[in-house]
There are 4 protein chains.
Amino acid sequence: MSDNHMIDEIIDKNENLTEKQKLILEAAIESFAEKGYAATSTSEIAKKAGVAEGTIFRHYKTKKDLLLSIVAPMMAKLIAPFVIKDLNKVLNQDFESLEDFLRAMIHNRAEFLNANIPLFKIVLQEIPFQPELQKQFKEHIAIKVYERMEAIIKHYQENGQLIDLPPYQVVRMTASSIFGFLIGRYLLFPELDWDDEQEIEATIQFILHGLAPKEKA
Amino acid sequence: MSDNHMIDEIIDKNENLTEKQKLILEAAIESFAEKGYAATSTSEIAKKAGVAEGTIFRHYKTKKDLLLSIVAPMMAKLIAPFVIKDLNKVLNQDFESLEDFLRAMIHNRAEFLNANIPLFKIVLQEIPFQPELQKQFKEHIAIKVYERMEAIIKHYQENGQLIDLPPYQVVRMTASSIFGFLIGRYLLFPELDWDDEQEIEATIQFILHGLAPKEKA
Amino acid sequence: MSDNHMIDEIIDKNENLTEKQKLILEAAIESFAEKGYAATSTSEIAKKAGVAEGTIFRHYKTKKDLLLSIVAPMMAKLIAPFVIKDLNKVLNQDFESLEDFLRAMIHNRAEFLNANIPLFKIVLQEIPFQPELQKQFKEHIAIKVYERMEAIIKHYQENGQLIDLPPYQVVRMTASSIFGFLIGRYLLFPELDWDDEQEIEATIQFILHGLAPKEKA
Amino acid sequence: MSDNHMIDEIIDKNENLTEKQKLILEAAIESFAEKGYAATSTSEIAKKAGVAEGTIFRHYKTKKDLLLSIVAPMMAKLIAPFVIKDLNKVLNQDFESLEDFLRAMIHNRAEFLNANIPLFKIVLQEIPFQPELQKQFKEHIAIKVYERMEAIIKHYQENGQLIDLPPYQVVRMTASSIFGFLIGRYLLFPELDWDDEQEIEATIQFILHGLAPKEKA
DNA sequence: AATGAATGAGGATTCATTCAT
DNA sequence: AATGAATGAATCCTCATTCAT
């Protein structure tokens, strides 16, 4: 809940930024999300932001710089809860059941994404084409986050709440289910009526049953 | 197996196409998949295809035309098995168990995608930006395919093999799990060693358990 | 006389060039000579040539390419008479006296430059800033040409027509005198009335006396 | 010796200049000499000088102003020794022989240029493109200086030390020889080992012999 | 069917200059 | 005096598209 509204955070509350710079970032996020990075022109961003085109380049050396200055903090924030130092401790104390942990995590990240849909779209769409982003993604998500998740998974496997699959499979299946929901909810069919609580609950149950330990005879 | 190798099918075996046209399509697919539609120039495609720049426009009125002529048949083929007329019949006879049906479907589509990764990438990446594609996607996938799936889901729900959730949720969870695997397998970490049989089997079990009907007292 | 009119030769008579390409070269030469390479814009060249700006870049990858395609052949032609294979032979037979040789050379090169003043200006003005040109200049002029001149100088020193200074000094003084005349004549004060024959003759006499062998007692 | 080190004089010792102004001039001289006026940006100068971009324009209304404020005093200093009021008197008393006069002049100007190579480069390179400079050059060099030289030349012609050519030819040949040396020495081949004393002496002898009066029968 | 020269609008970026602080 | 953010025109260059051959 506390780290929602990335756009606010990386833009409005950032006192290092000029007024114009904020306008540029807002305009860039909107356009990149809507038409993609490559199909958005800097003149278009300038016009939307109400600044001169030169102003963009005073603050961001290149157009790609502008993109990275938007996406990099988003990726950092996106994975932040997975890399807080005392995730493990918190875990043992607060979430005795996997179900509660899953529920907390999903709610937390869903709220975060819900508050940052355009940024999320940009990240999803540009990672395949921007090697810098891929590098960041692999280094942070695939390594730091994965390490944490592995520990947590082993913890729940040891106390018998989780099937004994290789951790990466557990991660893949959980992540697929969660992102599958979020992508359907926010990117594919945002115009439909969604009962978020119920959808999340169903997703949690799906994961839990899908990953339930095998019954022993 | 039979409908694999889209690229071959929509290019090499298509006798309506000039030799040059085939070269253009191959070059375009390669470049679009690698750098994205917007970031690929027609002159680049011409060079890679070894044809004159003008030749592209003799066959495709615009660059977008070229994209659509690549993506539209791919989308059609992708969903083909779900819209064959006698899917339902085949179903009743061939797949008494949901597990067998799922296994057959996943194998079939995974092979298809495996044989058409660049095309799959293009579809995934361009749908968000091309309204024409979105329209096709929604009309075909979300409607035709969904109708079929709904029938099949109801069938398995009626004979007690499937949890009693709204069909769209069943579709979402199943699709998430399958695409989650495929995206990880082919797009995110293609360089890793994957034991495809085992991964698919684990995915099937995850879906089956996740969607197993509630045990009745 | 035969190799005058470089502009004609590198432009009008070159059948490899498009009509437009010729217009571009003419316009570029005129503008570069008048305002310098850096201060001439490609849009200006296009306008003067009556072609679209893009046309320039279809034929010359970059603006610098355009410059080099103008200057390189000029430099080659400029030094051509000094590197013809049988310069030495011709020399012995045709020019028994240093005076005749000097007169022939000066007339020849003066006519050449007279016919190519804008190109000569471009060469002079851009060499200090274009490393590629400096390289060409040093490799061709300073080495190939110098070797030839050295042989000729030694020849005239041996038969007692030339002072016994190091060849590079002889070259420097001769070149200074000739270029000094040409620069004054064509670049600094082209608007004055010059009696070319008389000026050249005076220059030749200046060089000859300046480089006359010391009288022996 | 006394008027060497123009850069020092027009910059460091000039108490009218702010500290920042001095930094700007130094940076501008370095950049203009290296890349040419047109190819040097004001932001580059600002960066090299360690001042804000705006600071340049506080002191120099335009970029061209900055150039002129560098070049004009250089041109003035360059010709200063030729326009001192009592050059003629000094002449009669101090330099009975043309040779001594030439030697003194060459040494003096060579030292001056040696101490101001970048400024000299800028003057040479920008005169062809800056009408203001051409005007100054013609008015001062070609007129004031030329008048003095004419008087001196006539003086030495009258006392039989100099050939009876039109003074402008004498000037041209002398100037060519001297500048020919300086350009070779400082601009074309500064990396070679030069024995300055010997080169200057040879140049003087070349001029003297080249301009020696015809022997009378 | 195929070419490739030609186009001119539009691309990202740099420029000299201004002005509020 | 000095700053540096802001400007928008101009920079070089690329683009998708056209058309005569």
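Chain letters run A, B, ... following the sequence lines, proteins first and then strands; every chain starts at 1.
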A.B. asks: Quick check on DNA chain E: between A:F57 and B:K20, whose nearest nucleotide comes earlier from the 5' end?
C.D. replies: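 The residue whose closest nucleotide sits nearer the 5' end is B:K20.
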
A.B. asks: Both C:K63 and B:E53 contact DNA chain F. Which one's nearest nucleotide lies toward the 5' end?
C.D. replies: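 Mapping each residue to its closest nucleotide by heavy atoms, the 5'-most match is C:K63.
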
A.B. asks: Between the side chains of C:E44 and C:K35, is the shortest nitrogen-to-carboxylate-oxygen separation below 4.0 Å, so that they form an ion pair?
C.D. replies: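 Salt bridge flag = yes for C:E44 with C:K35.
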
A.B. asks: Which of these, A:L25, A:T40, A:I29, sits in a side-chain contact (heavy atoms from CB on, under 4.5 Å) with A:L66?
C.D. replies: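 Among A:L25, A:T40, A:I29, the one meeting side-chain contact (heavy atoms from CB on, under 4.5 Å) with A:L66 is A:L25.
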
A.B. asks: Tell me, do A:T55 and A:T18 make a side-chain contact under 4.5 Å, heavy atoms counted?
C.D. replies: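 No, their side chains stay 4.5 Å or more apart.
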
A.B. asks: Hey, what do you get for CD (D:Q134) to CD (D:Q136), rounding to the nearest 0.5 Å?
C.D. replies: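 CD of D:Q136 is found 11.0 Å from CD of D:Q134.
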
A.B. asks: I want to check a possible cation-pi pair here: A:K63 against A:Y37, using under 6.0 Å from ring centre and within 45° of the ring axis as the test.
C.D. replies: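 That pair qualifies as a cation-pi contact.
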
A.B. asks: First and last nucleotide of DNA chain F in contact with chain A, 5' to 3', at under 4.0 Å to a heavy atom: what are they?
C.D. replies: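 Under 4.0 Å from chain A, the extent on DNA chain F is F:dA5 to F:dG8.
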
A.B. asks: For C:K61 and for D:E19, find the nucleotide of DNA chain F with the closest heavy atom, then tell me which residue's nucleotide is more 5'.
C.D. replies: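 Going by which nucleotide is closer to the 5' end, it is D:E19.
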
A.B. asks: Could you tell me if A:E53 and A:T42 have a donor-acceptor pair between their side chains, going purely by distance under 3.5 Å?
C.D. replies: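 There is such a pair (donor and acceptor under 3.5 Å, judged by atom type) between the side chains of A:T42 and A:E53.
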
A.B. asks: Nearest 0.5 Å please: distance from the NZ atom of C:K77 over to the CG atom of C:L119.
C.D. replies: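 Going from the NZ atom of C:K77 to the CG atom of C:L119 covers 12.0 Å.
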
A.B. asks: Now, which nucleotide makes the Watson-Crick or G-U wobble pair with E:dA1, with each of the two distances under 3.5 Å?
C.D. replies: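 No nucleotide pairs with E:dA1.
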
A.B. asks: Can you sort out which residues in residues 32-46 of chain A have a heavy atom within less than 4.0 Å of DNA chain F? Ascending by number, please.
C.D. replies: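 None - not one residue of the stretch has a heavy atom sitting under 4.0 Å from the strand.
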
A.B. asks: Could you please name the partner base of F:dA10, counting Watson-Crick and G-U wobble pairs only when both distances are under 3.5 Å?
C.D. replies: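 Check on F:dA10: paired to E:dT13, both distances under 3.5 Å.
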
A.B. asks: How long is the gap from CD1 on C:I70 to CD on C:E126, to the nearest 0.5 Å?
C.D. replies: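 Answer rounded to 0.5 Å: 10.5 Å.
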
A.B. asks: How do B:I56 and A:G54 order along DNA chain E: which one's closest nucleotide is nearer the 5' end?
C.D. replies: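 Going by which nucleotide is closer to the 5' end, it is B:I56.
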
